[in-house]
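Counting starts at 1 for both ligands and their atoms, in listed order.
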Amino acid sequence: MSIGKVIVMATGGTIAMRYDPVRKGVFPAVTGQELVEAVPPLAQVCPVEVHEFCNIPSTHMSPEIMLKLSQKVDEVLKNTEVLGVVVTHGTDTIEETAYLLNLSLKTTKPVCLVGAMRNSSDISPDGPKNILCAVKTAACPQAVGKGVFIVMNEEIHSAVEATKTHAANPNTFKSPFWGPLGYVDEDRVIFRRELINKQKIITDHLVEDVYLIKLTTGTDDFLIQALVDKKVKGIVIEGMGRGNIPPKVVPGIRRARAEGIPVVLVTRTLGGRVLKGYGYEGAAKPLSEMGVILGGEISGQKARIKLMLALSQTNDNLKLTKYFDD
Ligand code: ASP
């Protein structure tokens, strides 16, 4: 038994949903308190206190709500009796919230995001076991200083690397190429590796008007021109391979840059970095010479979150580039 308590902050998601026979669909229905009460073995881990933050499907989450959540998590963790926080969350966007928290939290205490693929009225819901594993991790001294985690299916993933890979299977969260940081066994929490990147963007606001466009063969710049017309604050492009895009997209990007809109380029592949290697039209080298920021290894959805936070600090393209160099 650990000394100190863990806060469970409920935000919603399938973990807090149930089938409604009248409306014939799955809807938010379960409070954070009820979620915790459904896991009696928590009593053997540590005292748990529940905070009801919201109860929404994670597609109703927004970066603004995520930042408020981050501030709330930092606030409760100031209490020396609190060992760590578990955030219950829908799995559809959990990786975006986890990544935003990972960048913006001041605390070094463990923060675990957890969800479920099966709702509480399903046969063998995965929520209770996932919550138990997340609370064990949040209470674990070895988890301090390792960043924000997604704890699902007994595995501990880094918020920086984890992504949802299957629409329905409980074994959906993967950290492609690297694997989980560790796992939660019956008797203990086991870490096998540590994340090296400890980047932070501490801010009290973010710039929401940032869009992500995923590119495919034969695409033109129609969507990018529309974003430039809208005078958006930033654009993230998910290109192919090392950061190559169809040539017909280039004029839109050139115009975005000429109008001072930051453009970040990432790859739609599951791993690896965009890199200035290829020099042909639409490749990363000429794009970067145009002032396009190469986004490193992160996914489009995470690059968008990072750009929103980074834009709260600077509009300078060189300074923005440094955030993505890390
Ligand atoms: N649609 C749900 C959500 O993200 C999916 C889940 O929680 O697994 O809110």
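Those atoms of ligand 1 that come under 4.0 Å of a heavy atom in G13, given as number and element, are 7 (O), 9 (O). Atom numbering of ligand 1 starts at 1 in the shown order; those under 4.0 Å from a heavy atom of P57 are 9 (O). Close contacts between ligand 1 and T14 involve ligand atoms 2 (C), 5 (C), 6 (C), 7 (O), 8 (O) [criterion: under 4.0 Å to a heavy atom].
A salt bridge does not link R268 to E238: none of the charged nitrogens lies less than 4.0 Å from a carboxylate oxygen. Ion pairing of R254 with E289 is absent here, as no side-chain N (NZ or NE/NH1/NH2) approaches a carboxylate O to less than 4.0 Å. Using a cutoff of 4.0 Å between basic side-chain nitrogens and carboxylate oxygens, K136 and D185 are not scored as salt-bridged.
In this structure, the protein non-hydrogen atom closest to atom 8 (O) of ligand 1 is T91 OG1, 2.4 Å. The shortest contact between atom 1 (N) of ligand 1 and any protein heavy atom is with D92 OD2, 2.8 Å. Ranking protein heavy atoms by distance to atom 4 (O) of ligand 1, first place goes to S58 OG, 2.5 Å.
With no hydrogens or angles considered, no side-chain donor-acceptor pair links D316 and T314 at under 3.5 Å.
Taking CG of L311 as the start and CG of L320 as the end, the distance is 5.5 Å to the nearest 0.5 Å.
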Dump the intermediate steps for side chain to side chain donor-acceptor pair (under 3.5 Å) on E34 and T31, then the final yes or no. CA-CA 5 Å; E34 288 168 326; T31 64; 3.3 Å; yes
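Using a non-hydrogen distance threshold of 4.0 Å, A116 registers as a contact of ligand 1.
Below 3.5 Å of separation, one finds no N or O of T93 facing any N or O of ligand 1.
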